[in-house]
Structures are given as C-alpha cells and as structure tokens.
Amino acid sequence: MREITFMEATREALDSAMAKDPSIFVVGEGIGARGGNFTTTLGLYEKYGPERLRDTPISERGFVGMCTGAAMTGTRPIVDFMFLDFILDAMGELINQVSKIQYMSSGRLKMPLLLRGCIGIGGAAATHHSGNYYPIFAHIPGFRVVLPTNAYDAKGLFATALQSDDPVLFLEHKNLIFNKGPVPDEEYTIPFGKARITREGDAATVVALSSMVDKTLAACDKLAKEGISIEVIDPRTIAPLDIDTILASVHKTGRLLIVDETFAPCGVGAEISAQVTAQGFDDLDAPIMRLNGLHTPTPYSPPLEAAIVPNKESIEQAIRDLLAE
Amino acid sequence: MREITFMEATREALDSAMAKDPSIFVVGEGIGARGGNFTTTLGLYEKYGPERLRDTPISERGFVGMCTGAAMTGTRPIVDFMFLDFILDAMGELINQVSKIQYMSSGRLKMPLLLRGCIGIGGAAATHHSGNYYPIFAHIPGFRVVLPTNAYDAKGLFATALQSDDPVLFLEHKNLIFNKGPVPDEEYTIPFGKARITREGDAATVVALSSMVDKTLAACDKLAKEGISIEVIDPRTIAPLDIDTILASVHKTGRLLIVDETFAPCGVGAEISAQVTAQGFDDLDAPIMRLNGLHTPTPYSPPLEAAIVPNKESIEQAIRDLLAE
Amino acid sequence: MSNEDQNKENLNKETYLELYHDLLLIRRSEEQLAKSYAAGMIHGACHTYVGEEAVATGVCAHLRQDDAVFSTHRGHGHALAKGVPPREVIAELYGRETGCSRGRGGSMHLFSPEVGMMGTSGIVGPTILQATGAGYSFSLLKTDRVAVVFFGDGAVNNGAFHEGINLATIWKLPVLFVCENNMYATEVPFAYASGNPDVGNRGPAYGLPSVIVDGNDVLAVYAAAGEAVRRARAGEGPTLIECKTYRTRAHSEGMRDAGYRTQEEVDAWKARDPIDLYRAYLLEHNLAAEDDMQEIEADVQAIVEHAAEFAQNSPWPDPATATNYIYSENNSQDHEEVQHA
Amino acid sequence: MSNEDQNKENLNKETYLELYHDLLLIRRSEEQLAKSYAAGMIHGACHTYVGEEAVATGVCAHLRQDDAVFSTHRGHGHALAKGVPPREVIAELYGRETGCSRGRGGSMHLFSPEVGMMGTSGIVGPTILQATGAGYSFSLLKTDRVAVVFFGDGAVNNGAFHEGINLATIWKLPVLFVCENNMYATEVPFAYASGNPDVGNRGPAYGLPSVIVDGNDVLAVYAAAGEAVRRARAGEGPTLIECKTYRTRAHSEGMRDAGYRTQEEVDAWKARDPIDLYRAYLLEHNLAAEDDMQEIEADVQAIVEHAAEFAQNSPWPDPATATNYIYSENNSQDHEEVQHA
Ligand SMILES: Cc1ncc(C[n+]2csc(CCOP(=O)(O)OP(=O)(O)O)c2C)c(N)n1
Ligand SMILES: Cc1ncc(C[n+]2csc(CCOP(=O)(O)OP(=O)(O)O)c2C)c(N)n1
Ligand SMILES: [Mg+2]
Ligand SMILES: [Mg+2]
C-alpha cells in the first residue's frame with residue numbers, strides 16, 4: 001500500500017469532507033494561503049477559498065466562541081490552533097459553552113465543532129509550545145478526545161471527527177505528524193472508543209498514549225529478544241475510553257503499566273489505573289504502575305527537555321520493574 | 001470556644017494579614033463597598049480603601065493577568081472570583097503564565113498570587129455557577145490547591161495561603177461557607193499537605209473532599225450504630241496531597257473509597273486510587289472504589305440537580321458495597 | 001417623548017399595537033416572575049428586565065423566526081420578544097419539564113432554537129462571540145438571515161466584546177451588537193469600570209457603524225435596529241447599537257438594592273418608564289385608541305396568568321434523565337434508557 | 001530624516017551616541033543570533049528584531065533599572081535595550097546555564113528581573129496585562145516607577161489589549177503600551193486582521209492618550225516615550241504609543257519569507273533602515289563625528305563577538321535540576337538536592 005505522512009492522511013480526509021459538505025470551514029492563523037504552520041491545510045485554500053479557509057487575527061477566544069455560534073446555526077467549523085497551547089485562552093468558551101450547549105438545550109442544538117492542534121514536548125519548543133493538556137478535556141463531560149498515533153489511524157479518526165455532532169479534540173503530536181505509514185486511498189472511518197492492540201503479548205500490558213506508543217514498541221522489541229512478550233495497547237481516544245480492551249488484556253497478563261508523556265496527577269494513567277483496580281482487581285498480579293513525564297513546565301535547553309520525558313530506556317526499565325513486582 | 005462561620009474565619013485571617021502587610025490587595029466584582037457577593041471582604045473596604053479592595057470590570061482574564069504582573073513586582077494580590085466558574089476565562093494566564101513564571105525565571109521571580117472562589121453544586125445555581133474544576137489545577141504543576149471544609153481549617157489554611165509565595169487556589173464550597181464552628185481568636189496557620197483524620201475507624205477508609213466530608217460523616221454515624229467503624233480522611237489540600245496519611249490508614253483498614261462531588265474521569269479520586277494501588281497494593285483487601293457526582297453539566301431543576309450529587313444515602317451504600325467486596 | 005419624534009417614520013397601526021403588546025407582555029411576565037420568586041416557586045437566580053423592555057421589543061420587531069438572538073443572564077425579555085411562549089419561559093424558571101430548556105437551564109439558560117432563541121448565558125461575554133458565529137454561518141450559507149446579541153454595559157469591558165466586534169467587522173458579518181447600558185454591572189457603575197462612558201461612539205475604533213439610542217424610547221430603538229437589520233441583510237456588515245436604559249428593580253430578585261444608586265436616580269428613570277412613555281405617545285399622536293390598548297392589556301394579563309398556571313401544573317423532569325443530551329450520539333439512546341428505567 | 005525634525009528637542013551628545021550604541025548593539029546581536037541559528041547553535045525558535053531597533057532603543061532610553069519592561073516572542077531587542085548583557089541573551093538561546101533564564105526559557109522566555117526585564121512570552125497577549133499589574137504595584141507602593149509593554153500589531157486584536165488598556169486607564173496606572181506595528185502577524189496583514197488599520201488612534205475609545213509615531217525614527221520614538229514616561233511618573237496615567245515599523249528578516253529564522261509581502265515593500269523599508277537613517281542624521285546635523293561612531297561600531301562588534309564566545313563556552317544545565325524552581329518553598333531545597341545529586 002502507498003505510504004503517506006500522518007498529516008497528509010488527515011488532509012486527505014479533510015479535503016474529501018470539504019468537497020462533499022459546503023458547510024465545513026476552517027479557521028486559524030496561517031491556515032489560508034500559507035496552508036498551515038504544520039501543513040494542516042496545504043493546498044486547500046486554492047480549492048475552497050478564503051471563506052472556508054479563514055485566516056484569523058490572534059483572537060483564540062474570539063474565534064472559538066464564533067465557531068461555537070456557527071456550530072449552533074448550521075455549519076461545521078474546524079478550529080486549527082496550530083500549537084494546542086493557544087487553546088487555553090478559549091477555555092471559558094470550551095468548558096462553559098461548547099461542552100454544555102447540547103445539554104442545556106436538551107439536545108435540540110448540536111455542537112459539530114472540531115478542534116485540532118499540535119501537542120507534545122520536543123524540539124526545544126519551550127513551555128508555551130509543548131503543552132498536552134488532554135486530561136483536562138477527558139475530565140470535562142461533553143468532549144471527544146482523540147490521540148492518533150499513526151497515518152492510518154489519523155485518516156480514519158479524522159474522518160470520524162468530521163462526521164461527529166459532538167465537539168471533538170483532535171490532538172496531533174508534533175513528533176508524529178510527519179511520520180509515514182500505509183494509508184488506503186479510499187475513505188474509511190475508525191470509531192471512537194475502540195483501542196488498538198498494537199502488539200500482542202502475555203507477560204504484561206502497557207497502555208501507551210500518543211508519542212509514547214512508538215517508544216514503547218521499541219522498548220518491547222528489545223525485551224522480546226530476551227523472550228519477554230509485552231502487550232501494547234493504544235487507546236486512540238481517551239474520551240470515550242475503551243476500558244474493556246484494557247481489562248481483557250490485564251485479565252490475560254495480570255500486569256499493567258501506563259506510559260504517558262504528560263503529567264501524572266489526575267491524568268489519563270490515573271483514570272485507567274482507577275478503573276482497572278475497581279473492575280479488574282482480581283486479575284492483578286502486581287501493582288499497576290505509571291510512567292509519566294515529570295511534573296514540571298517544559299524547559300527549553302535540550303538536556304533539560306530530554307530529562308523530563310519518558311524514553312525507550314526508561315520505558316524498558318519501567319516494564320522490567322513491573323515484571324519484578 | 002466561640003463559634004463563627006467559615007467565611008468569618010477567612011475574613012479574620014484576611015483582615016489581620018492586610019493590617020500587617022500593605023502590599024496585599026484584593027480584586028474582584030463587588031468586593032469593595034459591597035463586601036463581596038459571598039461576604040468574603042465584608043467591612044474591609046471601610047478599613048483599607050478602594051486601592052486595596054478594588055472593584056473590577058468584568059475582565060476576569062484582564063485582572064488575573066494584571067495580578068500576575070503585580071505578583072512579579074512586589075505586591076501580593078488576591079483575586080476573588082465570586083463564583084469559581086468565572087476563572088475559566090483566565091485559564092491561559094493561569095496555566096501558561098502564573099504556574100510557569102517561577103520556573104521560567106529560574107526562581108528569581110516569585111508568584112504570591114492567591115485565587116479564591118466559591119465552588120460546588122447546590123441551590124439550583126445551574127451549570128454556569130456550580131463548577132468545581134479543582135482536578136485541573138492539581139494536574140498542572142505550579143499550583144497549591146486548597147479545599148477547606150470547616151471554619152477552623154478555613155482560617156488556618158487561608159493564613160497559610162496568605163503567606164505562600166506560590167500561586168494558591170483557595171476553593172470554598174457554597175454549601176459550607178456559612179457553617180459555624182469553633183475558631184480560636186489568635187492567629188494560626190495550618191500547613192499545606194497535611195490531611196486531617198476526621199474520624200477514626202478500622203473497617204474501611206473513606207477519603208472525602210470538600211462538601212462530601214460532612215455527608216460522609218453523617219453516613220458513618222449511621223453505620224456506627226451497627227458497629228461498623230469507618231475512618232474518614234479530609235486531605236484539606238489536593239496539591240500537595242498527603243498520600244502518606246491515606247496509605248497509613250489503608251494499611252490499617254485494607255479498604256478505600258474516595259468520595260468527591262465532581263467528575264470522576266481524571267479526577268482526584270483517580271489519582272488517589274492510582275497512588276494507593278502503586279504504593280499500597282499489598283495492603284488492599286478489596287478493590288479501591290470511587291463515588292463521584294455524575295459526569296454531566298449541572299442541571300437547574302432541583303430533582304435533576306439532586307440526582308447528580310452523592311448524598312448521605314449513596315455514600316452509605318457505597319461503603320456497604322466496599323465492605324461486601 | 002424623545003426629541004427625535006420628528007424623524008420617526010410612520011408605522012401602520014398594527015405595528016404600533018404589536019410593539020405595545022410586546023412591551024407589556026415582557027413587563028407582566030417579569031412582574032409574575034418576581035411574584036413567583038417571592039413565593040418560592042423559582043429555585044435559582046432571577047434577573048428581571050423591568051425598565052428595559054423597549055430594547056428587546058424595538059429590535060426583535062424586525063426579526064424573522066429564522067434570525068438568531070443571543071442573550072445574557074437578563075434574558076427573559078429577549079426570549080419573549082423573539083417569540084418563546086411565556087408559559088415555556090415561566091415553566092423553565094419553575095424547573096419543569098415543559099420549560100423551554102426542559103428544566104435543565106433555568107433563568108440564565110433559555111434555549112428555544114425552534115423560534116431562533118439561541119440561548120442566554122450565565123457567563124457574561126460568550127454570546128457576543130456566538131452571535132458573530134451565527135453571522136458567519138448565515139453569510140457562508142448565502143442566506144439573508146441576521147444574528148443579534150444583546151449584552152450589558154458590563155460585557156463591554158470584556159475581551160469578548162473586542163474580539164467579537166473585530167471579527168464581525170473584518171468579515172462583514174450580518175450581526176447586530178446591541179448594548180443595553182443600564183449604567184451598572186450589578187452595583188459597579190459603568191462610569192467607574194470603563195475609561196469611556198459611552199459605547200455607541202466606539203465604532204470608529206473598530207471600523208463599524210455605531211450609534212447611541214434612547215433605550216427607553218421603543219420607536220427610537222425600532223428605527224436604529226431597522227437600519228442595522230437592513231444593512232446586515234444587504235451584506236453591508238455589522239452595527240453596534242448602544243441603548244441607554246435603566247433597570248428599575250434589584251440586580252436580581254431577593255437581592256439588596258441599596259448603597260450604589262440613589263432613590264432620586266431610580267425615581268427619575270421610573271418617570272421615564274418606557275411603557276408609560278410609549279402609551280402616552282400613541283394617545284397623544286392618535287396612533288392608537290384607549291380601547292385598543294385596554295384590550296391588549298387584558299389579553300396580556302390573561303396570557304401571563306395562564307402561563308403561570310401552566311408552569312405551576314407542569315411535571316418535574318424525571319431524575320433518571322439527568323444525564324441525557326450530553327452527547328448527540330447518545331441522545332436518542334438516552335431516551336430509551338429512560339423509558340426502560 | 002523624518003519631517004518632524006524641527007520639533008525634536010536637542011539632546012546632549014552622550015545621549016545621541018548612547019542611542020546609536022544601543023541600536024547597533026541590538027542589530028549586531030541579532031545578526032549574530034541569525035548566524036548562530038544557521039549554524040545550529042540555537043535549538044528552538046528565534047524571532048529577530050532587525051529593522052525595529054529604534055522602538056526598543058527610543059523607549060528604554062528613558063527607563064531606570066527599577067522600571068519594568070515586558071515583551072513578546074520577539075524580545076531580544078527589548079532585553080538588550082533594558083540592560084540584559086548580550087552574553088546572557090545569547091547564552092540563553094544557546095540553552096546554557098549562564099543564560100538570563102538559566103537555559104529554561106530560550107528565545108521566547110527571557111527573564112532578568114535584576115535589571116527590570118520582567119519577561120518575554122511565547123503567548124501573544126499576556127504581557128500587556130502583566131505590565132498593567134506592574135503599574136498597579138508601582139502605584140500601590142507609592143513609587144514613581146513605570147511599566148512598559150512592547151507588543152505587536154497581532155496582539156491588538158486580542159482581548160488582552162482591550163482589557164489591559166481599560167484597567168490601566170480607569171486606575172490611572174503608570175504604564176506605556178507600545179505597539180510595534182510591523183504590518184504583519186507572521187504572514188497575516190494587520191490591514192486584513194483588524195477593522196481599523198491604525199492603533200494609535202484608539203485612545204479615545206478607551207479614554208487614554210494615544211499617538212502614532214514613525215517607529216524607524218529613533219528620535220521620534222524617544223520624544224513620544226519621553227512624554228509618556230513623564231506622565232506616568234507624575235501619576236497622570238497610561239499612554240498608548242503606536243510605532244509604525246517593519247521586520248526586514250523572516251518572521252522567524254529558518255522560516256520561508258515569501259508569498260505574503262512583495263520584494264518592493266521589503267526594499268522600500270530597508271531603504272528606511274533605522275540605523276542608517278539615524279547615522280546619517282547625526283552626521284548631517286553635526287551631532288556626532290564619524291570617529292565617534294566608528295569607535296562605537298568597533299566596541300559593539302567586540303562585545304557581541306565575546307558574548308557569542310562566552311555562550312559557546314558556557315556549560316549546559318544539569319539534567320538533575322530539570323524540576324527546580326517550580327515552587328518557591330522548594331527552590332533553596334532543590335538547590336541542595338542538586339548539589340547532592
Ligand atoms: C464572566 C463573568 N463574570 C462575572 C459574572 C457575575 N455577574 C453576573 S451579572 C453581572 C453584572 C452584569 O452587568 P451587565 O453586563 O451590565 O448586565 P446587567 O446585569 O446590568 O443587565 C456580573 C458581574 C458573570 N456572570 N460572568
Ligand atoms: C495566543 C497566541 N496565538 C498564536 C501564536 C502564534 N504566533 C506566534 S508569533 C505570531 C504573530 C505575532 O504577530 P505580532 O503580534 O504582530 O508580532 P510580530 O511577530 O509581528 O513582531 C503568532 C500568531 C501565539 N504565539 N500566541
Ligand atoms: Mg448593566
Ligand atoms: Mg506584527
């Protein structure tokens with residue numbers, strides 16, 4: 001099968017959806033003629049014009065609130081934040097309005113609002129350009145939160161996001177978006193709430209999020225050489241969260257590690273641990289472990305930056321520690 | 001000892017601190033001559049005047065950002081949000097600036113910013129006036145997060161908050177602030193990160209947050225009549241979190257339930273569960289359970305509102321279920 | 001009445017009487033809600049619109065059902081003027097399943113998309129942006145629909161005002177930004193909270209037309225809104241309208257209303273009650289007869305009384321439905337669950 | 001030079017030369033950073049100030065060390081003008097422990113409170129509010145210190161601009177709001193992004209004085225800033241100053257600089273290079289001699305070269321210190337930990 005990048009894959013899904021549905025439009029800084037700082041919309045301005053690929057002023061709160069109203073009145077807006085960090089200026093709109101309007105209108109209004117942005121630590125982007133923040137959106141009712149990890153999933157999950165009448169956060173890790181992978185030409189969707197078992201194994205289960213999936217697989221390759229077989233699960237969406245697939249795996253392996261680049265406290269790993277403890281307690285042969293990035297703002301200097309993020313070696317060690325329990 | 005309300009207790013701490021330190025000032029809507037929608041500053045305007053009790057326009061982002069700069073330049077601002085819900089418009093300032101400036105300045109700037117607001121579901125305040133949101137601030141590095149539950153603690157914890165050079169969120173549940181309790185006249189502080197064992201017991205440990213403490217104690221009184229003795233822990237601060245006291249209790253009881261009015265996913269209960277599973281696994285005789293408010297925006301109508309919050313009966317049932325495990 | 005009488009267009013009698021009907025419907029509904037609040041029938045906050053009726057009435061008279069209105073915490077009048085039945089508004093504040101938000105919202109969350117009432121908000125600011133977005137939809141979809149947002153003077157100092165007006169201006173969106181300047185945000189005077197005591201003179205800073213109107217003069221509001229709606233439908237872009245008006249009751253029911261404004265000030269504004277002024281104006285200029293108006297007064301009285309009864313007799317929402325409607329996918333399914341519950 | 005030459009006050013020779021020195025120090029430092037970036041010595045983004053030096057230079061010439069400057073993602077020039085040593089700026093971009101933020105910040109997070117450089121921000125907007133807060137501190141503490149914020153045209157459409165300017169105005173805070181209008185936010189033209197192509201004419205909307213200045217004329221900036229600083233120190237409140245200027249390099253180093261502006265436009269502005277203009281002006285009016293300036297040029301060259309060497313030879317931060325400084329309580333203790341690590 002042909003191989004294209006993660007970002008090309010989402011662009012394909014976006015292009016075909018925009019061709020079919022004239023009510024879809026995109027707003028963001030530099031997403032017009034420039035095609036997006038991360039090439040999210042490259043080539044689409046020429047096809048769909050300035051009204052549907054709308055360059056904006058630096059008014060994150062303003063255009064999120066605007067797109068909220070647009071989604072209430074018959075169009076399907078996409079907000080392209082470039083760096084997800086900029087979403088924080090729009091938190092009031094998102095938590096008090098976007099996530100609540102379907103409920104407060106007793107379902108008579110829909111909220112087909114797609115929010116996308118690049119997340120993640122890397123490239124000495126420093127603390128204003130390396131946020132993750134997805135646990136916040138998993139905490140708040142009303143959102144769908146997608147963490148795609150490869151080109152194939154990116155296309156299918158983005159297609160699903162484009163069809164959703166709920167607000168969706170589509171969060172693309174900076175270190176993944178230019179990775180290539182096999183992607184079918186035809187359109188397809190991947191349902192939210194269905195995890196992918198990325199690697200089968202029976203000694204332990206590792207749930208890895210976003211950029212941690214590839215690093216975990218690399219660690220598992222190494223361990224496999226010693227005959228240690230690890231099961232790796234990529235939830236793909238954290239809201240909804242496919243806890244059943246995780247529970248089934250833990251039932252098989254008896255051991256669970258959650259690897260996440262972002263902060264541990266009140267994070268996704270905590271939620272998964274709490275659910276597995278509550279529902280799979282008797283399956284556990286060892287304490288559930290978490291491996292997270294350090295609980296700190298992101299430093300700029302490369303040696304500091306490298307020190308705060310889990311890597312192949314620290315993941316391998318965490319798995320060994322879990323097996324030793 | 002004399003009994004005063006929770007809010008009177010914080011006002012006492014605020015008044016004596018403002019009398020001593022002329023660099024402390026308060027901003028908010030209606031906190032001047034009116035004395036605050038929740039009487040947070042009643043009587044202080046007459047003593048300290050308009051510059052130190054500063055009524056503001058409806059510019060939450062603006063005055064939070066302003067107080068960030070003030071805290072960087074030698075004063076000690078207090079932001080009084082009235083309802084905490086309004087803090088969401090200032091999330092960019094809080095997460096990208098307030099929580100990071102000490103770090104980015106390598107500790108050469110301090111951030112003595114005290115943020116207070118009323119939280120909680122009740123009184124048909126509906127979804128824009130009943131937010132809790134504290135798990136978000138526990139997730140982000142850099143904040144201290146305080147959930148006082150009675151008048152005595154409120155005075156001592158507020159005094160500590162007033163001395164802190166870190167940003168502190170002091171979150172007062174609407175249903176607690178007018179409760180009376182014994183409070184010494186003299187000044188005292190209560191350190192952050194020290195839980196209170198509100199009730200001793202050995203059959204199970206219940207960690208209860210904010211408004212859930214009193215409801216849990218009521219449920220435990222009922223169970224006590226049947227000879228069931230439950231230990232109840234009030235963490236008082238969730239960042240820092242006193243996990244040692246919780247672990248010690250679970251070591252004794254072998255069973256843990258966390259009761260929290262707000263959302264379960266990626267919440268404080270999940271964090272406590274994950275830490276206890278990781279560090280106290282061998283002490284557990286049963287799965288750790290959580291009882292949370294339902295994962296939904298807050299409805300207005302009283303019967304709906306009552307249906308989404310844990311109460312004495314549902315807590316009692318949750319404890320019985322835990323003991324039956 | 002106002003000194004711009006001369007430059008008032010002549011309307012037909014029906015219109016004059018419809019305006020009177022709407023003014024009165026809002027006033028009597030608010031008076032009913034105040035009574036209900038005192039009687040403990042309303043469970044949360046209740047911000048009445050008494051004294052400001054001319055603004056919603058004069059603006060909404062130009063709107064079609066497929067136009068969109070966005071409002072504030074003080075939104076009962078806007079909902080009624082846009083055509084939400086009084087019984088649904090009152091039932092909502094009573095917390096009943098028959099309310100316009102099915103009891104989910106209460107006073108500050110009134111939704112009735114069926115008639116273009118797109119919502120009120122307990123948070124000051126956001127609906128300014130949402131109206132801008134409705135304007136974006138209407139222009140992208142090539143319709144001539146318009147969006148209107150009502151907001152208080154308190155919202156003017158909020159970033160939402162700045163960002164929303166700029167976005168609507170640079171993209172020429174069909175939006176009316178209607179500021180109800182009643183001089184106070186709760187008890188904080190606008191003259192204290194803003195470096196500029198006016199709002200309707202800020203158009204040049206943004207590049208859109210702006211006007212200052214006597215908000216207690218329904219015909220002055222009607223005239224200004226008419227021109228702004230015409231511009232919007234014609235694709236000429238947004239307009240900022242400041243209506244100078246006054247809230248004659250407390251900020252919200254049950255709240256102390258002292259210490260921030262003088263009795264003289266309140267009395268002076270009561271003497272300019274928009275309904276009294278308009279009624280006198282119609283008679284003085286023989287635009288309507290005493291009986292016409294008495295007939296309307298009787299009709300409105302009956303409507304509001306029946307609405308209150310309807311609300312009083314309406315069922316409470318089923319607690320088993322408390323988590324319905326959070327996600328679109330689940331809505332139908334949730335209903336199922338409820339039935340089987 | 002500019003057509004307001006006549007109304008320029010006469011400064012003493014030292015001042016003229018200091019301005020020249022500062023202009024040049026910024027230019028040469030930026031040129032060094034551009035070289036370092038190309039050489040891979042800079043790890044994150046690098047937004048240069050080339051072409052805009054007259055703004056920071058003309059404003060900061062009036063500031064004391066105890067005055068506060070807040071800046072943006074394009075902040076090297078502001079830091080240097082406020083007195084941060086070039087070696088600390090360059091070392092910071094190199095990610096070294098000797099940088100002004102100890103390597104934690106990089107280009108967009110320059111902190112040097114010791115000299116009143118209170119920070120740059122990778123997020124557009126917040127420092128406008130922080131400067132307002134510094135003004136609040138200075139006025140509450142009854143000092144005559146002033147706060148200055150530099151921000152781009154892109155920040156003008158952000159709510160922070162609106163809320164910050166209003167707060168500073170109603171409380172008469174000692175703040176200079178200095179907009180560096182270089183006509184683009186990355187590649188989005190201000191003329192597209194704002195309904196009003198000017199910023200310096202917005203004072204009346206807020207109730208504070210505002211002016212439009214030629215941002216490539218250091219003496220024009222110096223004059224406008226001088227009056228604004230005087231007002232601020234005298235307790236007369238804030239001023240909004242728009243400096244029309246231009247960025248002659250790409251938005252950030254390594255970024256494609258095409259498709260949004262014409263070569264003619266770039267050339268026209270290069271022909272008005274603020275340093276060339278000023279140098280010519282000084283000679284023409286016999287305000288300084290050729291040797292004076294050559295001496296400064298040699299000094300600056302040496303300073304910058306040594307700064308780059310210093311940075312190059314500086315140690316990296318210790319990874320064991322990656323979580324220091326998050327909480328004030330722990331800072332000293334963290335240091336301990338580090339020593340024992
Ligand atoms: C963002 C936000 N901050 C504070 C409040 C609390 N609050 C409710 S109404 C109000 C005053 C609003 O004044 P204005 O906008 O003039 O409307 P009015 O009540 O005068 O009609 C305030 C401060 C709020 N609802 N939202
Ligand atoms: C809130 C926010 N949104 C978007 C960005 C991305 N961004 C970085 S610089 C920039 C353009 C800034 O333009 P301007 O304010 O005019 O400053 P200039 O770069 O022209 O000096 C943008 C959009 C950001 N840093 N912060
Ligand atoms: Mg008002
Ligand atoms: Mg610019």
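Order of the sequence lines sets the chain letters (A, B, ...), proteins ahead of strands, with each chain counted from 1. Only heavy atoms go into these numbers, but all of them, side chains included; no hydrogens, no water, no symmetry mates.
Both the backbone and the side chain of C:Leu140 come within less than 4.5 Å of a heavy atom of chain A. Contact annotation for A:Gln163: neither backbone nor side-chain heavy atoms come within less than 4.5 Å of a heavy atom of chain C. Contacts between A:Pro22 and chain C at a heavy-atom distance below 4.5 Å involve the backbone alone (N, CA, C, O). Contact annotation for A:Asp165: both backbone and side-chain heavy atoms come within less than 4.5 Å of a heavy atom of chain C. The contact between C:Ile170 and chain A is made entirely by side chain atoms (from C-beta outward), counting heavy-atom distances below 4.5 Å. Looking at A:Glu93, the atoms closer than 4.5 Å to chain C (heavy atoms on both sides) all sit in the side chain, from C-beta outward. Interface remark: C:Ala134 contributes backbone and side-chain atoms alike to the contact with chain A (heavy atom separation under 4.5 Å).
Here the two rings, on A:Phe81 and A:Phe86, have centers that are 6.0 Å apart or farther.
The choice from C:Thr127, C:Asn166, C:Leu129 that makes the most heavy-atom pairs within less than 4.5 Å of chain A is C:Leu129. Of the residues considered (C:Gly105, C:Gly159, C:Gly122, C:Pro113), C:Pro113 shows the highest number of contacts with chain A, using heavy-atom pairs under 4.5 Å. Of the residues considered (C:Phe70, C:Phe138, C:Tyr136), C:Tyr136 shows the highest number of contacts with chain A, using heavy-atom pairs under 4.5 Å. Ranking A:Glu51, A:Met72, A:Arg54, A:Met111 against chain C, the residue ahead of the rest is A:Arg54, based on heavy-atom pairs under 4.5 Å. The candidate from C:Ser101, C:Gly106, C:Cys100, C:Pro126 with the greatest count of non-hydrogen atom pairs under 4.5 Å with chain A is C:Pro126.
Note: A:Tyr188 and A:Tyr152 have parallel aromatic rings, judged against thresholds of 30 and 60 degrees for the angle between ring planes.
Taking the charged nitrogens against the carboxylate oxygens, A:Asp153 and A:Lys194 have no contact shorter than 4.0 Å, which rules out a salt bridge. A:Lys155 has a carboxylate O that lies under 4.0 Å from a charged side-chain N of A:Glu12, or vice versa, which qualifies the two as a salt bridge. Checked for salt-bridge contact, A:Arg34 and A:Glu29 miss the test: no charged N lies under 4.0 Å from a carboxylate O. Using a 4.0 Å cut-off between a side-chain N of Lys or Arg and a carboxylate O of Asp or Glu, C:Asp66 and C:Arg64 qualify as a salt bridge.
Residues satisfying the ring pair (Phe, Tyr, Trp, His ring centres under 6.0 Å) criterion with A:His128, sequence neighbours excluded, are D:His109. Listed by chain and number, the residues in a ring pair (Phe, Tyr, Trp, His ring centres under 6.0 Å) with A:His139 are B:Phe263 (sequence neighbours excluded).
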